[in-house]
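Each ligand, and each atom within it, is numbered from 1 in the order the structure gives. Computed from a predicted model, the values in this text were never measured in an experiment.
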Amino acid sequence: MKIKTLNQNKSSWNKVAHHFIGKDALPSYGPYTQTEDELKLFDEIKGKKVMDIGCGSGHSLKYMFEKGACELWGVDLSETQIKTASETLKDSLAHLYCSPMEQDIGLPKSYFDIVYSIYAIGWTTDLSSTLKLIHSYLKPGGSFIFSWDHPLYVHIKSQDGQLYLDGSYQDEGTIVYPNFKGEEAPMVIPKRKMSTYINELIKAGFTIDSVIESDVSASYDNKNEDITDRYYSLHKAKRFPTTMIIKAIKY
Ligand SMILES: C[S@@+](CC[C@H](N)C(=O)[O-])C[C@H]1O[C@@H](n2cnc3c(N)ncnc32)[C@H](O)[C@@H]1O
């Protein structure tokens, strides 16, 4: 666990949280990506105990509540996000904790049917410990489903609609964004290869059920594909997966 990075990111997340209310929340798995309605990875949610890792504004947990989950638990680094999540979930009894996902704060072990994380797991400063913790939270037979930026996506840049490879996919490490979301909010985001995620899941004891490199959701079928050089664009998403989604099981 890298305490300096976590403190920096926590203070920056408190500043930018307002940009992320209900963004990247279920049934969405990520920008332009097929939704849960299209992918159907969760099987039955009704009556299940679920935990959201990096629960943000609580909108994915709200989706779980509406689908009949019997217990809602969430962890997030930012107290601003946790405050918003408690408001989002005021009609349900959610257990919300402000903590880094990489820290063992005594959450119940072998207890959850489903642990999931929508666009948050890649923030961990210690993937190995985080996945081991998540594995420990699950009951045998329980599933872990997460989405995150496709690891190559950060290297696919666009100039006048032409896509090109920027930097090295081979180098793992971190990328520092001094002005995340245009705010004075420096963020440090780890950069890992696809194989690192898969191998760390296996090392933590998971069996991989599905690996999805996203395609564009059918809801964009009739949308204009404007040429823009934005980080996320329909033009780019039609040619390259924005998101990786992995479902893994604890047997
Ligand atoms: C894009 S948001 C996630 C949205 C959320 N999953 C949803 O469904 O609405 C990313 C979240 O990860 C949280 N985060 C960043 N680093 C974290 C860490 N090390 N541990 C726990 N949460 C973290 C941020 O505070 C932020 O709320």
Side-chain angles (χ1 to χ4, degrees), residues 1-31 33 35-36 41-42 45 50-67 69 72-89 92 94-105 107 114-134 137 144-149 153-154 174-177 180-181 183 185-192 231-232 242-246:
M1 198 157 63
K2 300 207 170 72
I3 302 292
K4 208 170 144 218
T5 301
L6 284 171
N7 287 340
Q8 174 64 74
N9 284 354
K10 180 185 176 92
S11 128
S12 292
W13 265 108
N14 285 339
K15 277 191 200 155
V16 302
H18 63 99
H19 292 282
F20 288 88
I21 296 179
K23 215 169 158 234
D24 300 327
L26 285 169
S28 169
Y29 277 108
T33 296
T35 63
E36 170 57 13
L41 296 175
F42 274 92
I45 294 171
V50 306
M51 160 132 64
D52 186 328
I53 303 290
C55 63
S57 60
H59 286 82
S60 292
L61 279 169
K62 189 166 182 232
Y63 172 88
M64 288 288 154
F65 176 62
E66 287 161 359
K67 293 282 176 196
L72 308 171
W73 296 62
V75 175
D76 199 282
L77 181 66
S78 149
E79 49 269 280
T80 308
Q81 292 284 55
I82 289 292
K83 190 165 171 281
T84 307
S86 359
E87 284 155 20
T88 307
L89 297 162
S92 54
H95 308 259
L96 299 172
Y97 298 87
C98 186
S99 163
M101 63 179 94
E102 42 279 72
Q103 193 175 333
D104 187 349
I105 53 167
L107 296 174
I114 303 169
V115 178
Y116 66 89
S117 179
I118 307 299
Y119 262 80
I121 196 81
W123 286 97
T124 181
T125 59
D126 185 342
L127 185 63
S128 166
S129 308
T130 301
L131 293 178
K132 281 181 192 140
L133 268 178
I134 290 172
Y137 300 146
F144 173 46
I145 297 169
F146 73 86
S147 68
W148 181 248
D149 247 17
Y153 195 78
V154 70
T174 51
I175 303 184
V176 181
Y177 294 89
F180 197 68
K181 281 281 166 192
E183 307 235 10
M187 290 283 199
V188 183
I189 308 188
K191 194 169 88 61
R192 304 179 174 100
Y231 185 74
Y232 294 117
T242 60
T243 307
M244 71 167 166
I245 305 162
I246 298 186

### Message
Going by the rule ring pair (Phe, Tyr, Trp, His ring centres under 6.0 Å), which residues pair with Phe20 if we only count those two or more places apart in sequence or in a different chain?
### Response
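Here the qualifying residues are Trp13.
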### Task
With sequence neighbours left out, write down each residue that passes ring pair (Phe, Tyr, Trp, His ring centres under 6.0 Å) with Tyr116, or none if nothing qualifies.
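Ring pair (Phe, Tyr, Trp, His ring centres under 6.0 Å) list for Tyr116, sorted by chain: Phe42.
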Hey, are [Y] and [X] close enough side-chain-wise for a donor-acceptor pair under 3.5 Å?
{"X": "Thr124", "Y": "Glu102", "result": "yes"}
{"X": "Asp52", "Y": "Tyr63", "result": "no"}
{"X": "Thr243", "Y": "Tyr119", "result": "yes"}

### Task
Can you run down the salt bridge (charged side-chain N to carboxylate O under 4.0 Å, His left out) pairs that involve residues 114-133, sequence neighbours left out, and say none if there aren't any?
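Sorted result for residues 114-133: empty, none.
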### Query
Under a strict 4.0 Å criterion on non-hydrogen atoms, which protein residues are in contact with ligand 1?
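Those residues closer than 4.0 Å to ligand 1 by some heavy atom are Leu6, Trp13, Phe20, Lys23, Asp24, Ala25, Gly54, Cys55, Gly56, Ser60, Asp76, Leu77, Ser78, Gln81, Ser99, Pro100, Met101, Glu102, Ile118, Tyr119, Ala120, Trp123.
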